[in-house]
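Computation of the quantities below employed the complete heavy-atom set of this structure, encompassing side-chain atoms and omitting hydrogens, waters and symmetry-equivalent molecules. Keep in mind that what you see is a predicted model, and the values were worked out from it rather than measured.
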Amino acid sequence: MELTDGVPAAARHPLPADLLHDLRTPLNHIIGYSEMLIDQAEESGSHGLVPDLRRVLDAGNRLLALINDNTRPVRLPDLAVLAPAARERRRPRRERGAPEASEHDGALAAPLRGTLLVVDDVESNRDVLSRRLERQGYDVATAESGKEALDMMRAHHYELVLLDIMMPEMDGYEVLRRLKADDDLQHIPVIMISALSEMESVARCIEMGAEDYLPKPFNPILLKARIGASLEKKRARDREVYLFQQLQQNYARLQELEKLRDDLTNMIIHDLRTPLTAVINGMQTMEVMGELNDPQRRMMNIAVSGGETLLEMINELLDVEKLESGSMRLDAVLISPAELVGAAVAQVATLAESKRLTLEREIADDLPLLAGDEGKLRRALVNLLGNAIKFTPPGGKVTVSAHQRVEERVLVFSVCDTGEGIPPEAFGRIFEKFGQVETRKGGRAMSTGLGLTFCRLAVEAHGGQIDVESTLGVGSTFRFTIPLPHQRG
């Protein structure tokens, strides 16, 4: 080869690009078919043909190398900078003595089966690539133009498209642009097919959304690896999309079931309240119909008490549902904290006496008035006091207190008991509807029912917060805050 200043003369006067493209095409065919014939000869036992076929292959590679010498070199690291997605997927080398790669270790394992579409305007190019892919176990369809490829993709399902850049009428750029702009097709991965001199064009395609690229002539190992990696990546995305869709469907179904449950609950509750009120009233009027002996009066009182408890639970559940949906109206008035605590204590005093509990009040002096719904805040305190009394053993103490945090402009109400205490892991669910926790004593279930749920919702409806502190065997403290009304300047 003639050299001028150490540079091949052909490099100083490169051949026209069209001529180089036309020369590469038949050479790629020679190389591709030679490789396939060598594989077939070795598989069929015709080893005598292999040396001659290898000479043909070597000659083709040498001639292709001479042609590539006439092409302006393009540094592949530049491609990696322009389009990070084009970087070759590399696997760590297997250390000596390490086990063989499993079928999940990457694209070089057994190929993922799938239907591929090869798009190239040259029939022999399509034939070479299709034969290679079919030998690797893929189902292959071909298209000779960009328009035909788009029509085929709309009519059939393909898991991967191998797309040539240089095509007449509609080139690879336009096919890729239309494919990625189509909501039904944009999920299909595309591997661009190009000659080595078209690397800058490949970078442009990667930036437009192509998955990867393959240079001509095709290296069988590289072809297998990049197609396998692209299919594996696509199927991982498909699984994510499927799981997300399943999650959305399950969530929508769960919402429907929750609404159905709430509607059914409300209907049952409303229907129960009327006959239950009639039963209580009927039991209470029995006394005026005639004299009852002591056993009869005792049984009637038990029945009336049970009915009133059930009616209270029904009313509480209705209030909880209204608070959860935001449909309950708060009748806000100015309330004295001391009077609020006094009214709540009066409602539970008899219950505390029956268990021989000490019921104490600790109210700070000169507390400001708060704005809120007196009935709902009183019920919240009553529920907390009733809960404390229920789980405090005879002889214990329950303390209700109120004080102000001046810097935060909130009033703090607390109910402290000397009962069994609540396990710390139960703090997160104790205010949930129908939540249950187990006490330390024999695993006895501590049913929180709806009372604590009502407390949380009522406090939050006033803009406050509620929490609990507890130590097993020592007692619990429920505490909630209510913001004070803003002062006018």
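Residues meeting the side chain to side chain contact (heavy atoms under 4.5 Å, CB included) test with Arg177, sequence neighbours left out: Glu174, Met208. In this structure Ala149 satisfies the side chain to side chain contact (heavy atoms under 4.5 Å, CB included) test together with Leu117, Val119, Ala143, Met153, sequence neighbours excluded. With sequence neighbours excluded, no residue forms a side-chain hydrogen bond (donor to acceptor under 3.5 Å, both in side chains) with Asp171. The side-chain hydrogen bond (donor to acceptor under 3.5 Å, both in side chains) check on Asp183 picks up nothing, with sequence neighbours excluded. For Asp121, the side-chain hydrogen bond (donor to acceptor under 3.5 Å, both in side chains) criterion is met by no residue, not counting sequence neighbours.
Inter-residue side-chain proximity for Leu484 and Leu411 is flagged as met; some heavy-atom pair is nearer than 4.5 Å. Residues Ile193 and Leu163 are not in side-chain contact: their nearest non-hydrogen atoms beyond the backbone lie 4.5 Å or more apart. Side-chain contact between Asp151 and Arg154 is present, with heavy atoms from C-beta onward closer than 4.5 Å. Considering only heavy atoms from C-beta on, Glu123 stays 4.5 Å or farther from Glu144 through its side chain.
Here Glu169 does not pair with Lys147 in a salt bridge; the nearest charged N to carboxylate O distance is not below 4.0 Å. Between Arg226 and Asp212 a salt bridge is recorded (basic side-chain N to carboxylate O distance below 4.0 Å). The pair Asp331-Lys376 does not count as a salt bridge, with every side-chain nitrogen at least 4.0 angstrom from each carboxylate oxygen.
For the pair His462 (side chain) and Pro483 (backbone), a donor-acceptor distance under 3.5 Å is absent. A donor-acceptor contact shorter than 3.5 Å is absent between the side chain of Thr471 and the backbone of Val474. Checked by atom type and distance alone, the side chain of Asn383 never pairs as donor or acceptor with a backbone atom of Cys455 at under 3.5 Å. The backbone N or O of Val410 lies less than 3.5 Å from no partner atom in the side chain of Arg405, so there is not a single donor-acceptor pair. The backbone N or O of Glu159 sits nowhere less than 3.5 Å from a side-chain atom of Arg235 that would complete a donor-acceptor pair. Side-chain atoms of Lys234 do not come within 3.5 Å of backbone N or O of Pro189 as any donor-acceptor pair. Between the side chain of Thr142 and the backbone N or O of Val118 there is no donor-acceptor pair closer than 3.5 Å. For Ser470 (side chain) and Gly475 (main-chain N/O), a donor-acceptor pair under 3.5 Å exists by modelled atom type.
Separating the CG atom in Leu160 from the OG1 atom in Thr115 is a distance of 10.5 Å, to the nearest 0.5 Å. Summarising the geometry, atom OG1 belonging to Thr453 is positioned 9.0 Å from atom CZ belonging to Phe431; distances are rounded to the nearest 0.5 Å. Remark: His157 NE2 to Ile188 CD1 distance equals 7.5 Å, nearest 0.5 Å.
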Kindly list each side-chain donor-acceptor pair under 3.5 angstrom involving residues 243-254, sequence neighbours excluded, with atom names and distances?
unit_1: Asn250; atom_1: ND2; unit_2: Gln246; atom_2: O; d: 3.2
unit_1: Tyr251; atom_1: OH; unit_2: Gln255; atom_2: NE2; d: 3.2
unit_1: Arg253; atom_1: NH1; unit_2: Glu256; atom_2: OE1; d: 3.3

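The side-chain tip of Arg237 does not point at the ring of Tyr242 from less than 6.0 angstrom away and within 45° of straight on.
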Evaluation steps, salt bridge (charged side-chain N to carboxylate O under 4.0 Å, His left out), between Asp182 and Arg178: CA-CA 6 Å; Asp182 191 317; Arg178 295 190 185 188; over 6 Å; no
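Ring planes of Phe480 and Phe413: parallel class, angle under 30° (limits at 30 and 60°).
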